[in-house]
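Here the structure is laid out as structure tokens; the discussion comes afterwards.
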Amino acid sequence: MTRLLMLFSKLAGYFEKLEQTSSRLILIDILAELFSEVKAGEIAKVVYLLQSRVAPFYEPIEIGMSEKLVAESIARSFGVKREEVLKEYGKVGDLGKVAERHSGKQSASRIDSGQARMTVTDVFNVLTEIAGTNGEGTVEKKLNLLSGLLKKVDPVSAKHLVRIPLGASRLGIGDPTVLDGFA
């Protein structure tokens, strides 16, 4: 049986499970289940995304987006003002939850049109492109790439997607837990 590439929405579901537990043993069990469902060619991408990265720590590659840039991407994606996003962020303290809320207002039409079928590889490749963007027009290109992704994912995926460039995954796992998940 050939396994299909994992949808980012399914990975986001695992992120939700990881976020909602503090027990290291349960975290390991969730990771083991996740790793058993991932194709060999995607495993590195999944591990990097778990760590809010697109490359190993020894490579000097960062996604390079500030809270204000991510807030602007959320605003562009969902047709709201950046000030509104930042005000809500000030209240909630998590841009992921802000993105989830705004995405939820528009998700039915996106899912009905089939756009919510982004794979882990699709998302990883765009995040890698964002990290590799430099030179003239860098900020605009990064904004457009992230807002384009946000338009194509469901609310829970939007929540976890915006946390990746910020390095604020809130999953509570480190390298030893990831290694135990593989074991």
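Residues take their numbers from the sequence shown, with the count starting at 1.
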**Report entry** side chain to side chain contact (heavy atoms under 4.5 Å, CB included) assessment of D29 paired with E33
**Finding:** CA-CA 6 Å; D29 288 344; E33 181 184 329; over 6 Å; no

Does the side chain of [X] reach to within under 4.5 Å of the side chain of [Y], using non-hydrogen atoms?
| X | Y | value |
| --- | --- | --- |
| F124 | L49 | yes |
| V120 | L5 | no |
| I43 | F182 | yes |
| L143 | E140 | yes |
| L7 | L11 | no |
| R117 | S9 | no |
| K159 | K97 | yes |
| Y89 | L95 | yes |

May I ask you to decide if [Y]'s main-chain N or O and [X]'s side chain share a donor-acceptor pair within less than 3.5 Å?
| X | Y | result |
| --- | --- | --- |
| S147 | S77 | no |
| K142 | G64 | yes |
| T21 | L18 | no |
| E62 | A131 | no |

Rounded distance [0.5 Å steps], [atom1] in [X] versus [atom2] in [Y]:
| X | Y | atom1 | atom2 | answer |
| --- | --- | --- | --- | --- |
| T133 | M65 | OG1 | CE | 9.5 Å |
| S169 | I164 | OG | CD1 | 8.0 Å |
| R101 | F78 | CZ | CZ | 11.0 Å |
| K151 | S103 | NZ | OG | 12.0 Å |
| L166 | L161 | CG | CG | 10.0 Å |
| T128 | I63 | OG1 | CD1 | 7.5 Å |

**Report entry** Residue pair D154 / S157, side-chain donor-acceptor N/O under 3.5 Å
**Finding:**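 There is such a pair (donor and acceptor under 3.5 Å, judged by atom type) between the side chains of D154 and S157.
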
Requested in this report: For the residue pair H102 and E88, confirm or rule out a side-chain donor-acceptor distance under 3.5 Å.
Outcome: yes

Query raised in the report: Can you list the steps and then say if M6 with E42 is a side chain to side chain contact (heavy atoms under 4.5 Å, CB included)?
Result: CA-CA 8 Å; M6 180 176 275; E42 289 181 304; 3.8 Å; yes

Query raised in the report: If two hydrophobic side chains count as joined below 4.5 Å and joins carry through other members, does V139 share a cluster with L127?
Result: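 In one cluster: yes.
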
Is a salt bridge present between [X] and [Y], judged by a nitrogen-to-oxygen distance below 4.0 Å?
| X | Y | value |
| --- | --- | --- |
| E19 | R163 | yes |
| K152 | D122 | no |
| R76 | E72 | yes |

Requested in this report: Verify side-chain hydrogen bond (donor to acceptor under 3.5 Å, both in side chains) between E100 and H160, making sure each step is shown before the conclusion.
Outcome: CA-CA 9 Å; E100 180 180 35; H160 293 285; over 6 Å; no

**Report entry** V178 to L31 - nearest heavy-atom pair and separation
**Finding:**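 Closest approach of V178 to L31, heavy atoms only: CA-CD1, 3.9 Å.
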
**Report entry** Least distance between heavy atoms, P165 atom then L146 atom
**Finding:** CG-CD2, 4.3 Å

Query raised in the report: When you look at CD of E136, are more than 12 heavy atoms from neighbouring residues, nucleotides or ligands closer to it than 6.0 Å?
Result: no

**Report entry** Chi angles and distances behind the salt bridge (charged side-chain N to carboxylate O under 4.0 Å, His left out) call for E59, R53
**Finding:** CA-CA 10 Å; E59 287 187 24; R53 301 198 45 88; over 6 Å; no

Requested in this report: With K45 as the cation and Y48 as the aromatic partner, state whether NZ or CZ is under 6.0 Å from the six-membered ring centre and within 45° of the axis.
Outcome: no

